*Asks:* 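My questions all concern the structure below.
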Number of protein chains: 2
Amino acid sequence: MKPTDTKQKIMDTAEHLFARDGYRGTSLRAITGKAGVNLAAVNYHFGSKTSLLETVIRRRILPLNQIRKKRLEQLRENARKKKKTPDIKDVLTAFIEPTLLFMESSPGAKNFIAFIGRSFTGPDDTVRKVFMRFIKPMFYLLFEAACDSLPNQPQETIFWRLHFTMGALFHTMQLSGNVDIGPKNLHADINAKSLINHIIPYITAGMKAR
Amino acid sequence: MKPTDTKQKIMDTAEHLFARDGYRGTSLRAITGKAGVNLAAVNYHFGSKTSLLETVIRRRILPLNQIRKKRLEQLRENARKKKKTPDIKDVLTAFIEPTLLFMESSPGAKNFIAFIGRSFTGPDDTVRKVFMRFIKPMFYLLFEAACDSLPNQPQETIFWRLHFTMGALFHTMQLSGNVDIGPKNLHADINAKSLINHIIPYITAGMKAR
DNA sequence: GTCTATAGATTGATAGAC
DNA sequence: GTCTATCAATCTATAGAC
C-alpha cells in the first residue's frame, strides 16, 4: 500500500465517521479500524486528532468557498454593469446552489456536507472553531450582497433573516450523507436538485417578507 | 442540605452544562463539581447519566408541549367555529411563541431551550432519541394544522417548508441560554419578544411562497 | 443520604523494534 | 512507514464505611 493510500483512507473514513457520530463520538481506533490501517498511522501522518480534523475540513472547504466566492462576485459584477441591484433570489442561489450541488460531486463530499450542517450548530468548540474560521468570511460576502439586493430593509433585519436562512440550510445539509441520520427515512429522495428547488422559494420569500 | 436540594442542584447544573458542552462533552464529575455535590450522588438519585438526561428533558418539555398543544387545538377549534381555515401565521405563532417565550420563564429554561436547539441537529443518538420521542407528536400536530391552513399546497411542499422552519427555529434557539455560544456576541439583545418579531414574518412568508 | 476509594473500560498519544 | 505494546488520563458506575 502506498503511503498516500493510507493517508487518503484515513481522511475518507474520518470524514464519514465524523459526519455520522460527531468528532467527539469518533475515536481514532474506530477510524483506523474501519480504514484497515494501524492506529499509530494517524499520529504519524497527521500529528494529532485535531490536526486530522482540520485537514479533513480544509480539503473540501477551500474549493467550495472558491466557487461560492466566484459566483457571488460574478453576480455583483453583472448587476453593476446593468446598473441594477442584484436580485435577492440570485444572491441566495449563488451561495446555496454550489453548497448543495457539491454533495453530489463525490460520495465523500456528501458526508462532508452533512458534517458541516451538524457541526455548525454543535456544542463542540474544537469543530466549530475550525469551521467558523473558514465560513465566516463567506457569510460576510453573502451579507454584503444581500444588503445590496434589499436596500430598503434595515441591516439588522437582513442579518436576522440570513441567520434563519443558515438555520434552514444547515438543518437541510445534515440530511445528506450516506449516513443513517434520524428522520432521513421520511425523505425518500434526497438529491441536490430537489433540495434546491424546495429551499430557494422558501428562503427567497422569507428574505423579502413584508 | 435537604435531599431535594441535591437532586435539584444536579438537574439544574446538568441542564446548564449539557446546553454549553453537549451531553457527551459533560462528565458527571463536571456536573457534581460545579453543583458542589458528591460524584456518587448522581447515580444514587438518578441511576445513570442517561437517566439524568431523560429527567432533565422531561421536566421541561412536558409542560411546554402541553401549552403548544393547547394553543394549536384552540386555534383549530376557533377556525372550525367560524368555518374558516386557520391563518398559517397564527398556526406558526401558536407553535413558536410558547417555545421562545418559555425561555424567559426561568434562567434554567433558557439553557434548556438552547439545549433543544443544539440537540435536535446533533450527532448524539442518545440525546436525539430522547428529544425525538417528545417532539415528534408535536410536529405532526403542527403539520396537520399547516395543511389545513394551506389547502392549495401539496403536502410534500408543506413538509419541506416546515422542515426549513424547524431549522431556522432550532438555529435560533441555540442562541439563547446564559452560555457563551459562538456568534452570540453579534446579537446584542437576545430576548424572546425580539426573536419572535423577527422570525414570524420570515417563516410565514416562506410557508406561503409562490 | 453522603462520602471515599476504586473497579473496569476507553481514550489520545508515544516509544521503540523492524 | 508500519507495527506492537503501553502510558497516562479520563470516563461511568459501584461497593462499602459512616
Side-chain angles (χ1 to χ4, degrees), chain A residues 1-59 115 119 122-130, chain B residues 1-59 115 119 122-130:
Chain A
M1 197 188 292
K2 279 183 295 183
T4 48
D5 283 351
T6 298
K7 209 171 168 180
Q8 202 85 11
K9 260 194 169 206
I10 292 175
M11 290 174 71
D12 291 343
T13 311
E15 183 172 64
H16 180 89
L17 293 181
F18 286 164
R20 196 187 66 187
D21 303 327
Y23 174 72
R24 267 185 190 148
T26 304
S27 68
L28 294 183
R29 280 168 179 81
I31 296 171
T32 52
K34 195 174 166 71
V37 304
N38 189 273
L39 170 63
V42 171
N43 282 292
Y44 176 79
H45 284 289
F46 299 93
S48 70
K49 191 186 178 185
T50 313
S51 182
L52 167 61
L53 171 71
E54 184 145 350
T55 311
V56 165
I57 293 177
R58 184 188 300 270
R59 170 175 69 153
F115 187 38
S119 302
D124 197 311
D125 258 358
T126 314
V127 182
R128 201 176 48 252
K129 271 180 188 161
V130 178
Chain B
M1 198 186 290
K2 280 183 292 181
T4 49
D5 283 350
T6 298
K7 209 170 167 181
Q8 202 84 13
K9 258 194 172 209
I10 291 174
M11 290 174 70
D12 292 343
T13 311
E15 183 171 63
H16 179 88
L17 293 181
F18 285 164
R20 197 186 64 186
D21 304 325
Y23 174 73
R24 267 185 190 147
T26 304
S27 68
L28 294 183
R29 280 172 177 80
I31 297 171
T32 53
K34 195 175 165 71
V37 304
N38 190 273
L39 170 63
V42 172
N43 282 292
Y44 175 80
H45 284 289
F46 299 94
S48 71
K49 190 186 178 184
T50 312
S51 181
L52 167 61
L53 170 72
E54 184 144 349
T55 311
V56 164
I57 292 177
R58 183 188 300 271
R59 169 174 71 153
F115 187 37
S119 302
D124 197 313
D125 258 359
T126 314
V127 182
R128 201 177 47 252
K129 272 180 187 160
V130 178

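Residue numbers start from 1 in every chain, and the chains themselves are labelled A, B, ... in the order their sequence lines are given, proteins ahead of strands. These figures come from a predicted structure and were not determined experimentally.
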*Asks:* Between C1' on dG16(C) and OH on Tyr44(A), what's the gap in Å once rounded to a whole number?
*Replies:*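 For the pair Tyr44(A) OH and dG16(C) C1', the rounded distance is 15 Å.
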*Asks:* Counting only side-chain N and O atoms of Thr6(B), is one of them less than 4.0 Å from OP1 or OP2 of dG1(C)?
*Replies:*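 Negative; the distance criterion is not met.
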*Asks:* Would you kindly give the CD1-to-P distance between Ile31(A) and dA13(C), to the nearest whole Å?
*Replies:*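 Going from CD1 in Ile31(A) over to P in dA13(C) covers 11 Å.
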*Asks:* Heavy atoms under 4.0 Å, any strand shown: does Ala40(B) hit a base, just sugar-phosphate, or nothing?
*Replies:*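 Contact class for Ala40(B): base.
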*Asks:* For Thr50(B), which contact category applies under a 4.0 Å heavy-atom criterion: base, sugar-phosphate, or nothing?
*Replies:*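 Counting heavy atoms under 4.0 Å across all strands, no contact is made by Thr50(B).
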*Asks:* Has Asn38(A) got a side-chain N or O lying under 4.0 Å from the OP1 or OP2 atom of dG1(D)?
*Replies:*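 Looking at the OP1 and OP2 atoms of dG1(D), neither is under 4.0 Å from any side-chain N or O of Asn38(A).
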*Asks:* Rounded to the nearest Å, what distance is computed from the NZ atom of residue Lys7(A) to the P atom of nucleotide dT2(D)?
*Replies:*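 Atom-to-atom, Lys7(A) to dT2(D), this comes out as 11 Å.
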*Asks:* Kindly determine whether Tyr23(B) and Thr50(B) satisfy side chain to side chain contact (heavy atoms under 4.5 Å, CB included), including the steps that lead there.
*Replies:* CA-CA 9 Å; Tyr23(B) 174 73; Thr50(B) 312; 3.4 Å; yes
*Asks:* Determine, for Arg59(B) against Asp12(B), whether the closest basic-nitrogen to carboxylate-oxygen distance falls under 4.0 angstrom.
*Replies:*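 The answer is yes: the pair qualifies as a salt bridge.
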*Asks:* Could you check which of dT2(C), dA13(D), dA13(C) has an atom nearest any side-chain atom of Ser48(A)?
*Replies:*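 Shortest atom-to-atom distance from the side chain points to dA13(C).
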*Asks:* Just by distance, do the side chain of Thr26(A) and the backbone of Leu17(A) share a donor-acceptor pair under 3.5 Å?
*Replies:*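 Yes: the side chain of Thr26(A) pairs with the backbone of Leu17(A).
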*Asks:* Looking for any heavy atom pair under 4.0 Å, which part of the strands does Thr32(A) touch: base, sugar-phosphate only, or nothing?
*Replies:*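 Here Thr32(A) touches no strand at all.
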*Asks:* Reckon Ser27(B) has a side-chain N or O less than 4.0 Å from the OP1 or OP2 of dC11(D)?
*Replies:*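 For dC11(D), OP1/OP2 do have a side-chain N/O of Ser27(B) under 4.0 Å.
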*Asks:* In whole angstroms, how far is the C1' atom of dG12(C) from the CG atom of Leu28(A)?
*Replies:*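 Leu28(A) atom CG is separated from dG12(C) atom C1' by 6 Å.
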*Asks:* Can you tell me the distance, in whole Å, between the CZ atom of Arg24(A) and the P atom of dG12(C)?
*Replies:*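 Going from Arg24(A) (CZ) to dG12(C) (P), I get 12 Å.
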*Asks:* Between dA13(C), dA13(D), dT2(D), which nucleotide gets closest to the side-chain atoms of Arg29(A)?
*Replies:*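 Side chain of Arg29(A) sits closest to dA13(C).
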*Asks:* Side-chain contact test, heavy atoms from C-beta onward, threshold under 4.5 Å: evaluate it for Ile31(B) versus Leu52(B) and give yes or no.
*Replies:*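 They are in side-chain contact.
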